[in-house]
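In each ligand, atom 1 is the first atom listed, and ligand 1 is the first ligand listed. Note that this is a predicted model, so its numbers are computed, not measured.
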Amino acid sequence: MIIGLDHIAIAVADMDVAIARFLEDFGVPMSGREDVPTEQTSTAFFPLPGTRIELVTPLDGLGPIAASIDKRGEGIHHICFRTDDLDADIQRLRGKGYRFTSEQPRPGAHGTRVIFVHPKSAGGVLIELAEHPSEPT
Ligand code: CO
């Protein structure tokens with residue numbers, strides 16, 4: 001079951017510039033940074049009540065975020081719903097005809113399991129589903 005808006009991810013070409021924008025210009029507190037080698041991305045987190053903004057940039061200039069920036073430029077990359085039962089939601093959505101960008105969930109940041117709904121089956125929006133291991137972060 002979907003239980004919240006986990007985060008909004010923004011693809012950025014220069015992480016230092018983007019961090020300065022959100023942290024210094026807008027004054028949104030940053031909680032930390034984390035590399036996710038399985039996704040070839042580096043991330044920075046800005047928690048806000050009930051959700052967070054997540055900046056994502058390519059690790060070593062490669063991976064899906066690099067491809068996205070090449071194709072569409074910087075900007076909102078995906079939204080992520082938090083689920084309390086990822087496998088059940090995948091099964092339910094598959095039954096309704098939704099397609100995913102991978103067969104199985106993969107490890108995400110903060111110890112989550114994540115999967116992405118293909119934007120072509122979701123009105124052009126890349127939607128991530130994330131299940132946290134225990135307490136939400
Ligand atoms: Co995400």
Side-chain angles (χ1 to χ4, degrees):
M1 189 175 72
I2 304 302
I3 55 172
L5 178 64
D6 193 80
H7 60 271
I8 295 169
I10 301 174
V12 304
D14 186 325
M15 184 60 100
D16 292 333
V17 167
I19 285 174
R21 173 175 299 118
F22 284 91
L23 186 61
E24 293 164 22
D25 298 349
F26 284 83
V28 183
M30 184 173 83
S31 67
R33 301 179 64 162
E34 183 178 344
D35 290 344
V36 187
T38 52
E39 299 292 333
Q40 290 180 288
T41 62
S42 180
T43 57
F45 305 103
F46 297 80
L48 290 161
T51 188
R52 67 177 187 270
I53 293 168
E54 184 175 313
L55 304 181
V56 290
T57 198
L59 260 188
D60 307 321
L62 298 170
I65 300 301
S68 174
I69 290 173
D70 282 349
K71 196 169 169 188
R72 287 177 289 274
E74 296 181 286
I76 291 179
H77 184 262
H78 64 266
I79 67 169
C80 177
F81 291 127
R82 184 175 302 188
T83 170
D84 59 3
D85 190 339
L86 183 59
D87 296 317
D89 280 323
I90 291 170
Q91 191 173 19
R92 183 168 58 84
L93 290 166
R94 277 217 170 99
K96 291 177 180 290
Y98 286 90
R99 289 166 38 233
F100 295 83
T101 63
S102 64
E103 273 302 306
Q104 298 294 328
R106 295 188 298 228
H110 301 300
T112 51
R113 293 168 65 229
V114 306
I115 197 165
F116 288 86
V117 178
H118 199 291
K120 281 188 178 156
S121 65
V125 181
L126 180 59
I127 299 175
E128 179 180 17
L129 303 176
E131 182 186 84
H132 286 255
S134 52
E135 282 298 295
T137 52

**Report entry** Residues Asp6 and His132: side-chain donor-acceptor under 3.5 angstrom
**Finding:**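 A donor-acceptor contact under 3.5 Å links the two side chains.
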Query raised in the report: Any side-chain donor paired with an acceptor under 3.5 Å for Glu128 and His7?
Result: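 The answer is yes; a qualifying pair exists.
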Query raised in the report: Which pair of heavy atoms, one from Pro107 and one from Val36, lies closest together, and at what distance?
Result: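 Reported closest heavy-atom pair: O-CG1, 4.3 Å.
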Query - Polar protein atoms near the Co ion (ligand 1) [N, O or S; cut-off under 2.8 Å] - result: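 Checking every protein N, O and S atom gives His7 NE2, His78 NE2, Glu128 OE1.
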Query raised in the report: With the threshold set at 4.0 Å, does a side-chain nitrogen-carboxylate oxygen contact exist between Glu39 and Arg106?
Result: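 A salt bridge links Glu39 with Arg106.
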Report task. Decide whether Ile127 and Ile53 are clustered together by the hydrophobic rule: side chain heavy atoms of Ile, Leu, Val, Met, Phe, Trp, Tyr closer than 4.5 Å, transitively. Result ->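 Ile127 clusters together with Ile53.
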Report task. For residues His78 and Phe116, establish whether the separation of their ring centroids is below 6.0 Å. Result ->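 Between Phe116 and His78, which both carry aromatic rings, the centre distance is below 6.0 Å.
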